[in-house]
Amino acid sequence: MRRRPDADKRHRARSVFSLPLVLLLVAVTVVVGLRISGWSASTGISAFATVFLSIIVQATPFLVLGVLLSAAIVAFVPADLAQRVLPNNRALAVPVAGAAGMLLPGCECASVPVANGLMRKGVPPAAALTFLLAAPAVNPIVLASTWVAFPDDHRMALARLVASLGAAMVVGWLWIIFGRIAWIRLPTKTEHIEGSRWLTFRHGVVHDFLHAGGYLIIGGLISAVINVVLPASWVDSLAEQVILGVLALALLAVVMCICSEADAFVAASFTQFSPTAQLAFMVVGPMVDLKLVAMQAGIFGRDFAVRFAPTTLVCAIIASIIVGSVLL
Amino acid sequence: MLLAAMLGLLLRLLVRGEYVFYVKPSLLPALIAAAVVLALMTLFVAKDAWVAIDEGEGHDHGDHDGHGHNHGEPRASLLLALPLIVVLTVTPAPLGAFSAARSTGSPAPTERAFAPLPAGDPVEVGVPDFVARAGSEQGKTLVGREVRLVGFVTPNPAGAWWLTRFVVSCCAADATSYRVLTRDGPKLEADTWVALTGHWVAAVGTPDGIPTLQVERHTLTQPPSNPYAE
């Protein structure tokens, strides 16, 4: 049993020292090359760099919080706690998990690793996924910022709560009916490391950060490229159309990758769109955006992400339209 | 040492104060906390690697072709070096004229009541505040006042340039631009920061929510410590 951790460590030691060296060489070459060619003065590149880095810098503290929580859940929470707290009926566990989402004061970057930690701790996937979707959308900070961003219409915050919880629960129940555990790749390796809980915690933090972080960068890259190549003003022409307006803002939420704590202010600035379209922007954003889908692919595997993200997107849009037409 | 790359990114932006180009200044404590956690993680990984090298002498061949690429760091984690590379290659800068010219322009102002501006001309007004005041109550709080606005130059293909300021609610990815059309302003390059003193032109109205400023004087300024308006 002692062999495996040792082998792991040796492998890690090798990859730690060789790959970064290569990267460092590439970096130095690029730095020197760009400085000489004066490329950094090019404003399009500069705008791309600013948007890319702002997504990464904004997400990093929340990702760190998420991996700390996730590793703490795996390492320190008793194994049977989830079974004791959650109802035995899986269908009932879904709304409980959705309501529990109100307790995590963070944004979507934190919730992906936390959902992973919950699953590894034995929480049924349906409940963990509902939590993953609900937590960034319905926590008190996000609802408060929505309340502030729409000073003239406080029903918007209520509509956001109802539509987000609704969509998250429907996705959870859909998972119970159609979902297969084989789609989810759950790394269980760290749980087998012999040694203290503290060691498990440390390995979990590093492992999760490297996994989710790398994919976060992919999502941020794509989003920044789209931001520069295709400015947000393309949606303006669709503002008059009711259904197209909803779809346009939902799609914009997917590519913009805005933090759920800020998206209400951006949604409020789309004054030419219908309230339902604004609602769709706020319901979709925390559940499906490029950086989130990338992180889900990194943590749970590609098989999972290609099924989960489109399903969630459709549920979120439908929930927004229904709640928007009733409440707004 | 991909953790160290992320740590390096945060340290560079924190030490040089460049983080305000990307996120709101109020995120500073969270960034510092994240840097501390990353530093500790880097130390632990480095220590483990050190121990592994010490113990692993002579056993290295057994592991060399171990097909074991599915454990250890995932490939994608190599990308964590990218933000640091970008920061080192492209000079960090706040969003400027390039993004402003391609953004939708100021959001349509919503009508609301404003308190009168403080006494004493010229009075310092933020660009977003100026836009909002011009669009409310027929701009009555601006009538007869001399104002001083600070922003950067965004060229206008159709005529006089715009004095521009971005507002950020969380990070630069969600920035909204606010602009004021200048009249009789000096000829200036894109992205030049300038303080303009002048009067609101009531007669022109606010087409697309963009008010006009009759420029009396101008002073070139340094970019403010927070390039984005509150």
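Chain A is the first sequence line, chain B the second, and so forth, proteins listed ahead of strands; every chain is numbered from 1. No hydrogens, no waters, no symmetry mates; every other heavy atom, side chains included, goes into these values.
R185(A) places a side-chain N or O within donor-acceptor distance of the main-chain N or O of G298(A), the cut-off being under 3.5 Å. Checked by atom type and distance alone, the side chain of S177(B) never pairs as donor or acceptor with a backbone atom of F166(B) at under 3.5 Å.
Within the 4.5 angstrom heavy-atom criterion, only side-chain atoms of L10(B), from C-beta onward, approach chain A. Contacts between L221(A) and chain B at a heavy-atom distance below 4.5 Å involve the side chain alone, from C-beta outward. L27(B) touches chain A through its side chain: at least one heavy atom from C-beta onward sits under 4.5 Å away, while N, CA, C and O do not. Proximity to chain A (any heavy atom under 4.5 Å) is shown, for L84(B), by neither the backbone nor the side chain. Contact of L38(B) with chain A is made through the side chain alone, with heavy-atom distances under 4.5 Å. Proximity to chain B (any heavy atom under 4.5 Å) is shown, for L63(A), by neither the backbone nor the side chain. Contact annotation for I56(A): only side-chain heavy atoms (C-beta onward) come within less than 4.5 Å of a heavy atom of chain B. Only the side chain of F98(B) comes within less than 4.5 Å of a heavy atom in chain A; its backbone stays farther off.
Heavy-atom pairs under 4.5 Å with chain A were tallied for P83(B), A34(B), A30(B); the largest tally goes to P83(B). Of the listed residues V205(A), V57(A), I55(A), the one with more heavy-atom pairs under 4.5 angstrom with chain B than any other is V57(A). Of the listed residues L40(B), L82(B), I32(B), the one with more heavy-atom pairs under 4.5 angstrom with chain A than any other is L82(B).
Contacts classified as side-chain hydrogen bond (donor to acceptor under 3.5 Å, both in side chains) and involving residues 159-170 of chain B (residues at least two apart or in different chains) are given here: T154(B)-T164(B), S169(B)-D174(B).
Exactly one residue among L163(B), T182(B), V194(B) makes a side-chain contact (heavy atoms from CB on, under 4.5 Å) with L188(B). That residue is V194(B). With respect to L53(A), the side-chain contact (heavy atoms from CB on, under 4.5 Å) criterion is satisfied by exactly one of L13(B), V87(B), V23(B): V87(B).
A parallel orientation is assigned to the rings of F52(A) and F48(A), their planes being inclined by less than 30° (bins at 30° and 60°).
Residue-environment remark: CD (E137(B)) exceeds the threshold of 12 foreign heavy atoms within 6.0 Å.
Residues satisfying the side chain to side chain contact (heavy atoms under 4.5 Å, CB included) criterion with A39(B), sequence neighbours excluded, are L7(B).
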